[in-house]
Visitor: 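The following block contains the structure, expressed as structure tokens.
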Amino acid sequence: MKTAIRTLLLLLMFAAPSTGMAAAPRKFTIVLDAGHGGKDPGALGTKGREKDINLAVALAVGRLIEQNMADVSVVYTRKTDIFVELDERANIANKAKADLFLSIHTNAVAGKTQHRGTETYTLGMHRAADNLEVAKRENSAIMLESNYAQRYEGFDPKSAESYIIFEFMQDRNMEQSVKMATMLQQQFRSAGRPDKGVHQAGFLVLRETSMPSCLIELGYITTQAEETFLTSNAGVTQLAQAIYAAIKKYKETHHTK
């Protein structure tokens, strides 16, 4: 009987967690958000669709991280051609307790004007008419959602007055978001992309996130040369490598636990 008791005590001792053992460090978590999808094609070119470009680049970035950064966890808001509401994209990031949120998009300009280049946005009040137009176009995706007026508290993506709320929003992650955006633009510039700078605008997809967040406009699908680049394997690879390099640099220099 005594032997059986001693054996049971030993088993319990080794089964119990050791208070001296440190818990495994939590992985740095990044959410990659491929804009639009499903019934929402986003901006259209002569042959390409924004939703497809966004997804191709997001998946390519994710593969680079998964292959080269073992201490980073990647979460996708979508990995296929499905429609995801803007507020749900933020919910996914918040539930994952993400350290960084990147929403990937493709730009467009109406008319015959030719534009080229990549730009990155953080949440804030638009300071230029062009920034407002970009935000209006991206936010218009909510009109494909059911009960969008109730879900977004009467926000009208087409009305300039609706964007006044962003002037009063204090984003506690603004400093880190701007640092990430700046690194992204540096990497795009190094990759040979025309640098259209870092801007602020009222993007709903960034409004509810609780971590540093950026929205990337990869290029202009309405410019033929840009569309050819954006829809090519070489273009997707080049853009993904630039985003990956910025993520790696951000994590190494600005992320602390």
Side-chain angles (χ1 to χ4, degrees), residues 30-37 40 42-43 50-51 53-62 75-78 84-94 98-109 115 117-142 152 155 157 162-163 165-166 169 171-188 193 195-221 230 239-240 242-244 246-247 250:
I30 180 168
V31 172
L32 298 176
D33 172 43
H36 306 279
D40 176 17
E50 178 183 358
K51 67 175 183 176
I53 296 168
N54 301 342
L55 182 59
V57 172
L59 293 176
V61 174
V75 176
Y76 303 87
T77 58
R78 69 180 182 98
V84 182
E85 291 83 358
L86 291 188
D87 59 351
E88 179 57 22
R89 295 169 189 262
N91 289 339
I92 290 170
N94 293 335
D99 299 286
L100 186 63
F101 177 88
L102 296 182
S103 190
I104 299 173
H105 290 259
T106 305
N107 224 331
V109 174
H115 290 262
T118 304
E119 58 190 354
T120 305
Y121 286 85
T122 62
L123 181 67
M125 183 62 180
H126 53 275
R127 300 297 179 187
D130 288 347
N131 296 359
L132 174 59
E133 291 308 310
V134 173
K136 282 183 177 180
R137 180 172 57 78
E138 299 296 2
N139 289 338
S140 66
I142 68 170
Y152 298 96
F155 182 90
S162 286
Y163 291 83
I165 61 170
F166 293 100
M169 294 182 68
D171 184 2
R172 61 188 177 88
N173 295 305
M174 178 60 72
E175 183 179 355
Q176 292 294 87
S177 297
V178 171
K179 287 178 179 178
M180 181 65 216
T182 301
M183 289 181 181
L184 283 162
Q185 287 304 121
Q186 289 171 344
Q187 293 300 326
F188 287 132
R193 293 291 295 151
D195 180 6
K196 293 189 67 68
V198 174
H199 310 283
Q200 291 184 353
F203 292 100
L204 288 173
V205 73
L206 302 182
R207 185 176 72 170
E208 299 299 330
T209 56
S210 58
M211 70 291 302
S213 305
C214 299
L215 185 144
I216 303 165
E217 293 285 359
L218 298 169
Y220 290 82
I221 197 172
L230 293 166
L239 291 164
I243 295 171
Y244 164 75
I247 293 168
Y250 174 83

Visitor: Please list, chain by chain and in numerical order, all residues satisfying side chain to side chain donor-acceptor pair (under 3.5 Å) with Ser103, sequence neighbours excluded.
Guide: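 Per chain and number, Ser103 pairs via side chain to side chain donor-acceptor pair (under 3.5 Å) with Asp33, His105.
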Visitor: Is the closest side-chain heavy-atom distance between Ile247 and Met180 below 4.5 Å?
Guide: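 Yes - at least one pair of side-chain heavy atoms lies under 4.5 Å apart.
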Visitor: Would you say the side chain of Thr106 lies within less than 4.5 Å of the side chain of Asn54, judging by non-hydrogen atoms?
Guide: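 Of all side-chain heavy-atom pairs linking Thr106 with Asn54, at least one is under 4.5 Å.
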Visitor: Check salt bridge (charged side-chain N to carboxylate O under 4.0 Å, His left out) between Arg78 and all other residues, then give those that pass, not counting sequence neighbours.
Guide: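 Once residues adjacent in sequence are excluded, Arg78 has no partner under the salt bridge (charged side-chain N to carboxylate O under 4.0 Å, His left out) criterion.
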Visitor: Picking from Gln176, Glu175, Lys179, what satisfies side-chain contact (heavy atoms from CB on, under 4.5 Å) with Pro212?
Guide: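 Testing each of Gln176, Glu175, Lys179 against Pro212, the sole residue satisfying side-chain contact (heavy atoms from CB on, under 4.5 Å) is Gln176.
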Visitor: Report the residues that fulfil side chain to side chain contact (heavy atoms under 4.5 Å, CB included) with Ala181, sequence neighbours left out, ordered by chain and then residue number.
Guide: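 In terms of side chain to side chain contact (heavy atoms under 4.5 Å, CB included), with neighbours along the sequence ignored, Ala181 is linked to Thr120, Thr122, Val198, Cys214.
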Visitor: Return the set of residues passing side chain to side chain contact (heavy atoms under 4.5 Å, CB included) with Ala60 (not counting sequence neighbours), or none when no residue passes.
Guide: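 Applying side chain to side chain contact (heavy atoms under 4.5 Å, CB included) to Ala60 gives Arg63, Val236, Ala240.
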Visitor: Taking side chain to side chain donor-acceptor pair (under 3.5 Å) as the test, write out the residues that go with Tyr244, two or more places apart.
Guide: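 Partners of Tyr244 by the side chain to side chain donor-acceptor pair (under 3.5 Å) criterion come out as none, since no residue qualifies.
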Visitor: Apply ring-ring contact (aromatic ring centres under 6.0 Å, His included) to Tyr220 and list each qualifying residue two or more places apart in sequence or on a separate chain.
Guide: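 Partners of Tyr220 under the ring-ring contact (aromatic ring centres under 6.0 Å, His included) test: His115.
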Visitor: What residues form a side chain to side chain contact (heavy atoms under 4.5 Å, CB included) with Val75, not counting sequence neighbours?
Guide: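 Residues passing side chain to side chain contact (heavy atoms under 4.5 Å, CB included) with Val75: Thr29, Val31, Ile92, Ala96.
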Visitor: What residues, two or more places apart in sequence or in another chain, satisfy salt bridge (charged side-chain N to carboxylate O under 4.0 Å, His left out) together with Lys196?
Guide: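 In terms of salt bridge (charged side-chain N to carboxylate O under 4.0 Å, His left out), with neighbours along the sequence ignored, Lys196 is linked to no residue.
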Visitor: Quick check against the 3.5 Å criterion: does Asp87 have a side-chain atom that pairs as donor or acceptor with the backbone of Glu208?
Guide: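 No, Asp87 side chain to Glu208 backbone: no donor-acceptor pair under 3.5 Å.
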Visitor: Please state whether the rings of Tyr121 and His199 are parallel, tilted or perpendicular, taking 30° and 60° as the class boundaries.
Guide: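 Tilted.
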Visitor: Among Ile30, Asp99, Leu184, Leu100, exactly one meets side-chain contact (heavy atoms from CB on, under 4.5 Å) together with Tyr250. Which residue is that?
Guide: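 Exactly one option meets the side-chain contact (heavy atoms from CB on, under 4.5 Å) with Tyr250, and it is Leu100.
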Visitor: Any side-chain heavy-atom pair from Phe203 and Leu86 closer than 4.5 angstrom?
Guide: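 Not in contact.
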Visitor: If you round to the nearest 0.5 Å, how far is CG of Leu218 from CG of Leu239?
Guide: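 That separation rounds to 5.0 Å.
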Visitor: Could you give the distance from CZ (Phe188) to CD (Glu217), rounded to the nearest 0.5 Å?
Guide: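 Phe188 CZ to Glu217 CD: 10.5 Å, rounded to 0.5 Å.
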Visitor: Is it true that a side-chain atom of Gln187 and a backbone atom of Ala242 form a donor plus acceptor pair closer than 3.5 Å?
Guide: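 Absent.
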Visitor: For the side chain of Asp40 and the backbone of His36, is there at least one donor-acceptor N/O pair under 3.5 Å apart?
Guide: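 Not a single qualifying donor-acceptor pair exists.
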Visitor: Using 0.5 Å steps for rounding, measure from the CG atom of Asn173 to the OG atom of Ser213.
Guide: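 If we round to the nearest 0.5 Å, Asn173:CG and Ser213:OG are 6.5 Å apart.
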Visitor: Please report the interatomic distance CD(Glu50) to CD1(Ile221), rounded to the nearest 0.5 Å.
Guide: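 Answer rounded to 0.5 Å: 7.0 Å.
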Visitor: Find the distance between CD1 (Ile216) and CG (Leu102) and round it off to the nearest 0.5 Å.
Guide: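 Rounded to the nearest 0.5 Å, the CD1-CG separation comes out at 5.0 Å.
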Visitor: Partners of Asn91 by side chain to side chain donor-acceptor pair (under 3.5 Å), sequence neighbours excluded?
Guide: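 Asn91 satisfies side chain to side chain donor-acceptor pair (under 3.5 Å) with Glu88 only.
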Visitor: Are the side chain of Arg193 and the backbone of Glu119 linked by a donor-acceptor contact shorter than 3.5 Å?
Guide: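 Not confirmed, Arg193 side chain does not pair with Glu119 backbone.
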